[in-house]
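Working notes, structure below.
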Amino acid sequence: MAAAKNAGQSKPDAATPQKAEAAHRPAPNAPQFSRDEDLHAYHEMLLIRRFEEKAGQLYGMGLIGGFCHLYIGQEAVVIGMQMASVEGDQVITGYRDHGHMLACGMDPKGVMAELTGRRGGYSRGKGGSMHMFSREKQFFGGHGIVGAQVSLGTGLAFADHYRENGKVSLTYMGDGAANQGQVYESFNMAALWKLPVVYVIENNRYAMGTSVARASAQTDFSKRGLSFGIPGEQVDGMDVRTVREAATRAIEHARSGQGPYILEMQTYRYRGHSMSDPAKYRSKDEVSKMRDEHDPIEMVRKRLLELHGVPEADLKATDAKAREIVNDSAEFATNDPEPDPSELWTDILLEANA
């Protein structure tokens with residue numbers, strides 16, 4: 001009976017724990033995750049991936065209008081950063097933002113409903129993918145203008161510095177946005193006033209569709225703040241462990257009053273720049289190689305199975321739960337009413353006494 005009961009469970013190879021540990025050893029200076037930390041990272045990254053896959057489906061069905069930029073492949077960056085942050089730290093990013101919203105704890109139903117332009121969306125169906133906010137979760141967008149969020153994120157840090165509240169602004173941008181002039185104006189102010197901001201450059205190699213080697217004279221983005229005295233480092237953005245480790249150092253640097261810090265996350269998006277991008281500027285073999293050898297979720301799944309001894313049935317249950325959450329959000333987002341036309345005239349001005 002015992003053999004039959006356990007027949008469906010996967011067990012680690014008890015005879016080779018050293019081999020398993022060696023196979024999943026992180027990069028230098030990055031700690032090994034505990035079982036619970038890997039489980040947390042697996043669940044959070046998987047939720048983002050399943051959400052983005054569903055968003056892609058809804059876009060293909062014509063239920064999401066405008067632009068839709070998916071985060072598939074980059075999940076380790078935002079989850080590792082959030083694992084190092086504390087409650088009250090702020091997040092602001094560009095338009096590839098659904099993953100950041102979910103990582104901040106925003107309700108998937110509200111996020112998906114905003115994508116489909118429904119009343120239950122975070123901006124009441126009026127903002128879509130590029131304009132979603134949650135003051136409760138300290139998420140400040142979602143911005144469609146390339147690089148615009150960097151000056152705003154610096155402003156958040158200025159407010160934190162002025163109020164002496166101990167918060168840190170986590171300001172994300174892509175490799176394409178890193179070449180914008182307002183980014184360097186922000187670097188200058190942040191360094192001058194020692195503002196508590198961590199600039200996270202998500203280098204997915206292609207910006208909108210041009211290789212960084214063809215668009216940037218300095219392709220080591222961690223050095224972009226050197227002329228202002230801003231320290232920076234390159235990070236393996238496909239390994240959630242190295243992300244959290246680097247994020248912990250950077251956030252502590254900013255929170256302790258030493259000023260801004262730059263983290264270049266070397267990551268990779270599997271899809272095109274947006275859903276309308278066929279991504280013909282790179283080979284299918286390149287994408288397949290990244291998926292097969294560096295997928296951030298698959299690396300955690302293997303550690304859970306081989307290093308932590310988590311039964312495969314448990315991981316399948318985690319995936320099923322993520323799919324259930326995402327399917328519920330899609331069901332809500334396709335049945336929730338559209339906003340009343342009168343909403344066109346709301347949220348334009350903030351009353352002085354509000």
Side-chain angles (χ1 to χ4, degrees), residues 77-78 80-97 99-106 110-111 114 122-124 127 130-174 177-178 180-202 224-225 227-232 246-263 265 347-354:
V77 175
V78 72
M81 290 297 303
Q82 287 302 107
M83 290 178 75
S85 66
V86 300
E87 186 175 356
D89 289 342
Q90 301 137 328
V91 172
I92 188 167
T93 187
Y95 40 73
R96 197 179 308 280
D97 52 3
H100 301 72
M101 299 173 197
L102 298 178
C104 288
M106 292 169 65
V111 176
E114 188 60 40
Y122 270 97
S123 295
R124 301 177 190 173
M130 295 186 179
H131 302 283
M132 248 184 283
F133 308 84
S134 174
R135 292 187 65 180
E136 176 193 1
K137 299 299 182 180
Q138 296 295 294
F139 180 80
F140 292 87
H143 295 273
I145 299 176
V146 177
Q149 75 277 10
V150 180
S151 53
L152 296 176
T154 305
L156 290 171
F158 178 78
D160 295 334
H161 177 72
Y162 185 81
R163 294 166 178 158
E164 299 181 340
N165 58 20
K167 295 181 180 180
V168 172
S169 168
L170 305 179
T171 300
Y172 292 80
M173 72 191 92
Q180 290 286 318
Q182 60 192 311
V183 171
Y184 294 94
E185 295 181 56
S186 298
F187 286 176
N188 182 62
M189 286 189 287
L192 182 64
W193 297 327
K194 294 190 180 301
L195 302 184
V197 54
V198 176
Y199 296 109
V200 185
I201 302 176
E202 298 192 77
R224 292 299 181 94
S227 63
F228 306 104
I230 302 176
T248 299
R249 288 193 300 274
I251 292 172
E252 174 56 29
H253 177 95
R255 203 186 308 279
S256 63
Q258 298 180 70
Y261 202 100
I262 294 174
L263 293 175
M265 297 294 176
D347 303 316
I348 297 174
L349 295 175
L350 179 68
E351 297 296 332
N353 60 352

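Predicted, not measured: the structure shown is a model, and the values here were computed from it.
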Which heavy atom of [X] sits nearest to which heavy atom of [Y], and what is that distance?
X: Arg124; Y: Glu114; value: N-OE1, 3.2 Å
X: Val198; Y: Ala254; value: CG2-CB, 4.1 Å
X: Pro260; Y: Ile230; value: O-CG2, 3.6 Å
X: Ser151; Y: Ser186; value: CA-OG, 3.3 Å
X: Thr171; Y: Gln149; value: CG2-O, 3.8 Å
X: Ser85; Y: Gln82; value: OG-O, 3.0 Å

What's the separation between atom [atom1] in [X] and atom [atom2] in [Y], rounded to the nearest 0.5 Å?
X: Lys137; Y: Met101; atom1: NZ; atom2: CE; answer: 14.5 Å
X: Met189; Y: Glu185; atom1: CE; atom2: CD; answer: 6.5 Å
X: Gln90; Y: Leu152; atom1: CD; atom2: CG; answer: 12.0 Å
X: Tyr162; Y: Leu195; atom1: OH; atom2: CG; answer: 14.0 Å
X: Thr248; Y: Met81; atom1: OG1; atom2: CE; answer: 9.0 Å
X: Ile92; Y: Asp97; atom1: CD1; atom2: CG; answer: 10.5 Å

For [Y], does its backbone N or O pair with a side-chain atom of [X] as donor and acceptor, under 3.5 Å?
X: Ser169; Y: Gly153; result: yes
X: Arg255; Y: Gly166; result: yes
X: Ser123; Y: His131; result: yes

| Ile251/Tyr261 under side-chain contact (heavy atoms from CB on, under 4.5 Å): CA gap, chis, key distance, verdict | CA-CA 8 Å; Ile251 292 172; Tyr261 202 100; over 6 Å; no

| task | Quick one: do His143 and Phe133 satisfy ring-ring contact (aromatic ring centres under 6.0 Å, His included)? Show the steps, please. | result | CA-CA 10 Å; His143 295 273; Phe133 308 84; 5.8 Å; yes

| said: Looking at Leu192, I'd like to know if its CG atom is crowded, meaning that more than 12 non-hydrogen atoms belonging to other residues, nucleotides or ligands lie closer than 6.0 Å. | reply: yes

Is any side-chain heavy atom of [X] less than 4.5 Å from a side-chain heavy atom of [Y]?
X: Lys167; Y: Pro196; value: no
X: Arg96; Y: Glu202; value: no
X: His100; Y: Leu170; value: no
X: Gln180; Y: Val150; value: no

| request: Verify ring-ring contact (aromatic ring centres under 6.0 Å, His included) between Tyr199 and Phe187, making sure each step is shown before the conclusion. | output: CA-CA 9 Å; Tyr199 296 109; Phe187 286 176; 4.8 Å; yes

